[in-house]
**Q** 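Okay, handing you the structure first.
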Amino acid sequence: MSENIIEAKDLRIFYGMNEAVKGVSFKIKKGEVTAVIGPSGCGKSTVLRSFNRMNDFISNIKITGGLSFEGDEIYGPKMDPAVIRRDIGMVFQRPNPFPKSIYKNIVWGPKINGYKHNWDELVEKALRRAALWDEVKDRLHDSALDLSGGQQQRLCIARTIAMSPKVILMDEPCSALDPKATARIEDLIGELKKRYTIVTVTHNMQQAARISDETAFFYEGELIEFGNTNELFTNPKEKRTEDYITGRFG
Amino acid sequence: MIAMAKSKALGTGIKLYLMACVSLTVVVSGSVIVLLGKESIEFFSQVPFFDFLFGSRWEPLLEPKSFGVLPLLSGTFLIVVGSISIALPFGLLIAIYLSEFASHRFRSIIKPALEILAGIPTVVYGYFALTFVTPILKSIWPETEVFNAASAFIVVGIMILPMVTSLSDDAFRALPSSLKEGAYALGATPLEVSIQVILPAASLRVWAAVILAISRAVGETMAVSIAAGANPKLTLNPLESIQTMTAYIVQVSMGDTPQGGVEYLTCFAVAGLLFVLTWSMNALGSHFIFAKGKN
């Protein structure tokens, strides 16, 4: 039905001699929320961070196989990692706003990338889309570090939105937040999927079931099952998926 | 029971020994302050405080005697400003290069090399300035004197470079990696990340590094005694010979100045001033290092 935006073909990722991701192939559909689940150390974060080349900073990493974004090889020789990161934004496990004002947090990314905007408009739009505008509109020039953890995480989402990315990657975006802040981020993901393709890693299976259209289950570096979230949770094809989602291990 | 008693006695013994070590440092610092204070008070009973601090002629050993410390202060100032303007830009650039651009291998070679710079005896730096730097300066500016401030602050700059680099590098590395990742994830280049994110976020600790380096430059003695000369002159021309506060203290301590005279006491007044300067610098530096809040 919908087209694919990211495609992996026999993707393998090694840390030194250790094969962390063992030849996985999948297609991420445009405009959907894809949840990546699996126990700790299963390679799910490693896969996510390969989409926007955040693994480049690890010195002994080696990546083979195909991984493409809109048909272009992400690890192709001509690809500039800074360019791919404009289209594929990322929200991290812990809120990591810059120690600057709320306003500057949002305009910094577009500015360094040479985008031209009406900056006030951009800030308002990004904050509204991140459901943060009403809480901060009167203190845009206060330090971002004065915000609560949940607000900081929404600011990081706003900062990512301001780049007008096509894909937003989220690496356990709620793991450092309380249940209330988590619920707000989950609602927000529901809103954001209208405009962006979202891939989120989560430890929380209920969360994956609530927010995603598609779910990928990784186990020990292998992609065990990938499909419609409802089907995967109600009628898993693989025994290991069933064991994991029913809490028998993990 | 015996074993327990024994270990307890041992524990008390070690504790006493450690306390003695700690007390020793306090006693030494205390004695220095008392000695400097006592002799300085003696000096200021003979020379008015304002004549000392604001006088522009320093000739305590020649008639007519004059005790204006400004020429020595200007000498020290020249060395500090000159050496910092070498050490700060280069030190920061090296630290930025090491933290964001250098490969792991290159880093492991450069770091020890910098530590070697820090380990070279200062007297060697002095002769290096006199026999290597000064001739180069002379070939560029023929009016350069044999002893000159420029050669001295160039080597002092090299001397404090490792300090600026390694403290800044520590400051950069102490930042959470998530901060850098956040910047890279927005499509930033390594240069943008280091200049616009890392440097501002670490700025307090970088300032602390600069202040500690200044304090080191203020206190530097051997290299400036050898290379900058012994000519207390109120000047900002780096090609002339000057005298710093530390170099003056060396001159008096090594010379045949009779003990007890006012000439001899100058040494303590200058040392007192030096102590107040470096102590405030260090206090300011530590204040920045341990500053909480935005950093």
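Chain letters run A, B, ... following the sequence lines, proteins first, then strands; residues in each count from 1. Values below: every heavy atom of this structure, side chains too, minus hydrogens, waters and symmetry copies.
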**Q** Without swapping roles, check the side chain of A/Asn96 against the backbone of B/Ser178 for a donor-acceptor pair under 3.5 Å.
**A**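 Side chain of A/Asn96 to backbone of B/Ser178: a pair is present.
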**Q** Less than 4.5 Å apart, side chain to side chain, heavy atoms only: is that true for B/Val197 and A/Pro99?
**A** no
**Q** What do you reckon, is NZ of B/Lys180 surrounded by more than 12 foreign heavy atoms closer than 6.0 Å?
**A**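 For B/Lys180, atom NZ is crowded (more than 12 foreign heavy atoms under 6.0 Å).
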**Q** What pair of heavy atoms forms the shortest contact from A/Asn52 to B/Ala185, and how long is it?
**A** ND2-CB, 4.4 Å
**Q** Given a strict heavy-atom distance threshold of 4.5 Å, which part of A/Phe98 is in contact with chain B: side chain, backbone, both, or neither?
**A** both
**Q** If you count every heavy atom of other residues, nucleotides or ligands that lies below 6.0 Å from A/Tyr15 atom OH, does the total exceed 12?
**A** yes
**Q** Under a 4.5 Å heavy-atom cut-off, does chain B meet the side chain of A/Arg53, its backbone, both or neither?
**A** neither
**Q** Using a 6.0 Å cut-off, check whether atom CH2 of B/Trp207 has over 12 heavy atoms from anything other than its own residue.
**A** no
**Q** Evaluate whether atom OH of A/Tyr75 has more than 12 neighbouring non-hydrogen atoms of other residues, nucleotides or ligands under 6.0 angstrom away.
**A** yes
**Q** Are there more than 12 heavy atoms of other residues, nucleotides or ligands under 6.0 Å from atom OH of B/Tyr127?
**A** no
**Q** Considering non-hydrogen atoms only, spot the tightest contact between B/Gln196 and A/Lys100 and give its length.
**A** O-NZ, 3.0 Å
**Q** Would the number of heavy atoms belonging to other residues, nucleotides or ligands and lying under 6.0 Å from NZ of A/Lys125 be above 12?
**A**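 Open.
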**Q** Show the nearest heavy-atom pair for residues A/Met54 and B/Glu181, with the distance to one decimal.
**A**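 For A/Met54 versus B/Glu181, the nearest heavy atoms are CE-O, 3.4 Å.
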**Q** Tell me whether the count of non-hydrogen atoms from other residues, nucleotides or ligands lying under 6.0 Å of CZ in A/Arg195 goes above 12.
**A**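 Not more than 12 within 6.0 Å, no.
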**Q** What residues of residues 105-118 of chain A sit under 4.5 Å from chain B when only non-hydrogen atoms are counted?
**A** A/Trp108, A/Gly109, A/Ile112, A/Asn113
**Q** Does B/Phe132, at its CZ atom, have more than 12 non-hydrogen atoms belonging to other residues, nucleotides or ligands within less than 6.0 Å?
**A** no
**Q** Taking all heavy atoms of B/Leu186 and all of A/Thr160, pick out the closest pair and write down the distance.
**A** CD2-CA, 4.3 Å
**Q** Nearest 0.5 Å please: distance from the CG atom of B/Leu179 over to the CZ atom of A/Arg94.
**A** 14.0 Å
